[in-house]
Amino acid sequence: MVHNNNDQIPEGNHKRKGSARLSRESIVGLALNIADTEGIDAVSFRRLAHDFGVTPMAIYRHVRNKDDLLDAMTEHMLASFDTSAIKEVDWREQVRGLLYALRQVLLDHPSGGNLLSRRSLPSTNRLKIFDTSLGILRNAGFEPQEAFFTFEHLLTQVVSLVVTGNGYVQGSEEERQVWGAKLLKFYGGLPQQQYPWLVEAAPNIAARVDTDLHFKFGTDLLLAGLETMAASKRSKKL
C-alpha cells in the first residue's frame, strides 16, 4: 500500500501489514470488526489510524467524526439484514422472519445492540427495515401508533433475547452443555419440600443453555401477544 506523505506515520510506530487501501468502506469495515471483537469503546480514530498505518487526519478525510463513523457502522451491519420474510403471505410469519433476521445480524455483530441503541437519525438500510416492519404491522390491522409502539418493543425484545441468551450461556457448545448439567444437578438436588417448583423446573432451567430454544420461545411469546391484540381489533370492527 502506498500512502502520500501526509498519510504516513512516523517510522517508529507499528504499521499494519498488508493493510487495505484506505477508503470510507475499509475504515467502516475495520471499525465494525474492532467493535465486534473488542467492544465499541475500543473504536477510535487513533486506533484506526494505527491499524492502517496512517495519521488520524487521513481517517478524517473519509469519516467526518465519531458519530458519522458509528452511523456508517450501523448501516454496514444492517446491509446483511435478510428481508426475504416479507414474501410470506401470513403477517405473523413475516414478523417472525424479520425477528430472526435481526437476531442473525446481532449474532454476527455483537456490537449491534449498542449501535442500534444510539440516539441517531437512521440512514437508508435502517429506514428500509423500519418502513417494511411498520407496513407489515399496519396491514395486520394495527393503527399507526400501535404499529410504531409494537415495532419499538419488538426491536427491544429481540436485542434483549439475544444479549441475555448469549450472556447466560457464554462459551462453546461443549461448555454450554457442561453448564446445563450443573444447573440440572443443582436445581434438581434442592430440597423438594422447600423448593417444589424449582425442582420441577430443573430440566427446563438446564435447557436454557439452548440459545435457539430460548429465542424461539421468546419469539412465540411475542407473536402470541401480537395475535391476541390483532384478533381483538378485528372483533371490534365486526
Over 12 foreign heavy atoms within 6.0 Å of [atom1], [X]:
| X | atom1 | result |
| --- | --- | --- |
| N65 | CG | yes |
| Q192 | CD | no |
| E38 | CD | yes |

Evaluate V158 against Y100 for side chain to side chain contact (heavy atoms under 4.5 Å, CB included), listing each step before the verdict. CA-CA 9 Å; V158 170; Y100 269 87; over 6 Å; no
Do [X] and [Y] touch side chain to side chain, with heavy atoms closer than 4.5 Å?
| X | Y | answer |
| --- | --- | --- |
| L226 | R92 | no |
| L137 | V95 | yes |
| M73 | L70 | yes |
| V162 | L102 | no |
| I205 | F186 | no |
| T124 | E75 | yes |

Establish whether [X] and [Y] are linked, either directly or via other cluster members, by ILVMFWY side-chain heavy-atom contacts under 4.5 Å.
| X | Y | result |
| --- | --- | --- |
| L107 | L222 | yes |
| W179 | L184 | no |
| I86 | L154 | yes |
| L161 | L221 | no |
| L127 | V28 | no |

Chi angles and distances behind the side chain to side chain contact (heavy atoms under 4.5 Å, CB included) call for L78, L116: CA-CA 10 Å; L78 292 177; L116 291 175; 4.3 Å; yes
If you look at every heavy atom in [X] and [Y], which pair is closest and at what distance?
| X | Y | answer |
| --- | --- | --- |
| L115 | R126 | O-NH1, 4.3 Å |
| A202 | G188 | CB-N, 3.5 Å |
| S80 | V105 | OG-CG2, 4.0 Å |
| S111 | D36 | OG-OD1, 2.6 Å |
| A31 | L69 | CB-CD1, 3.9 Å |
| V63 | F45 | O-CE2, 3.8 Å |

Once you round to the nearest 0.5 Å, how far does [atom1] of [X] lie from [atom2] of [Y]?
| X | Y | atom1 | atom2 | answer |
| --- | --- | --- | --- | --- |
| I129 | L98 | CD1 | CG | 8.5 Å |
| D51 | R46 | CG | CZ | 13.0 Å |
| T219 | Q157 | OG1 | CD | 10.0 Å |
| R47 | H50 | CZ | NE2 | 8.0 Å |
| S44 | I34 | OG | CD1 | 7.5 Å |
| F151 | F130 | CZ | CZ | 5.0 Å |

Would you say [X]'s side chain and [Y]'s backbone share a donor-acceptor pair under 3.5 angstrom?
| X | Y | answer |
| --- | --- | --- |
| N139 | G135 | yes |
| E88 | Q94 | no |
| S160 | T156 | no |
| Q104 | F81 | no |
| S232 | T228 | no |
| E146 | E143 | yes |

Which residue is it: H76, R118, K66, R64? I am looking for the one with a side-chain hydrogen bond (donor to acceptor under 3.5 Å, both in side chains) to D71. R118
State plainly whether the residues R103 and D212 are in salt-bridge range, i.e. N to O under 4.0 Å. yes
Are R24 and D68 ion-paired here, with the side-chain N under 4.0 Å from a carboxylate O? yes
Starting from the C-alpha separation in whole Å, work towards a yes-or-no answer on side chain to side chain contact (heavy atoms under 4.5 Å, CB included) for E227 and W91. CA-CA 10 Å; E227 170 55 24; W91 69 267; 3.5 Å; yes
Carefully, step by step, assess T132 and T83 under the rule side chain to side chain contact (heavy atoms under 4.5 Å, CB included). CA-CA 9 Å; T132 297; T83 58; 5.5 Å; no
So that I know where these two stand, are F148 and F142 an aromatic pair - ring centroids less than 6.0 Å apart? no
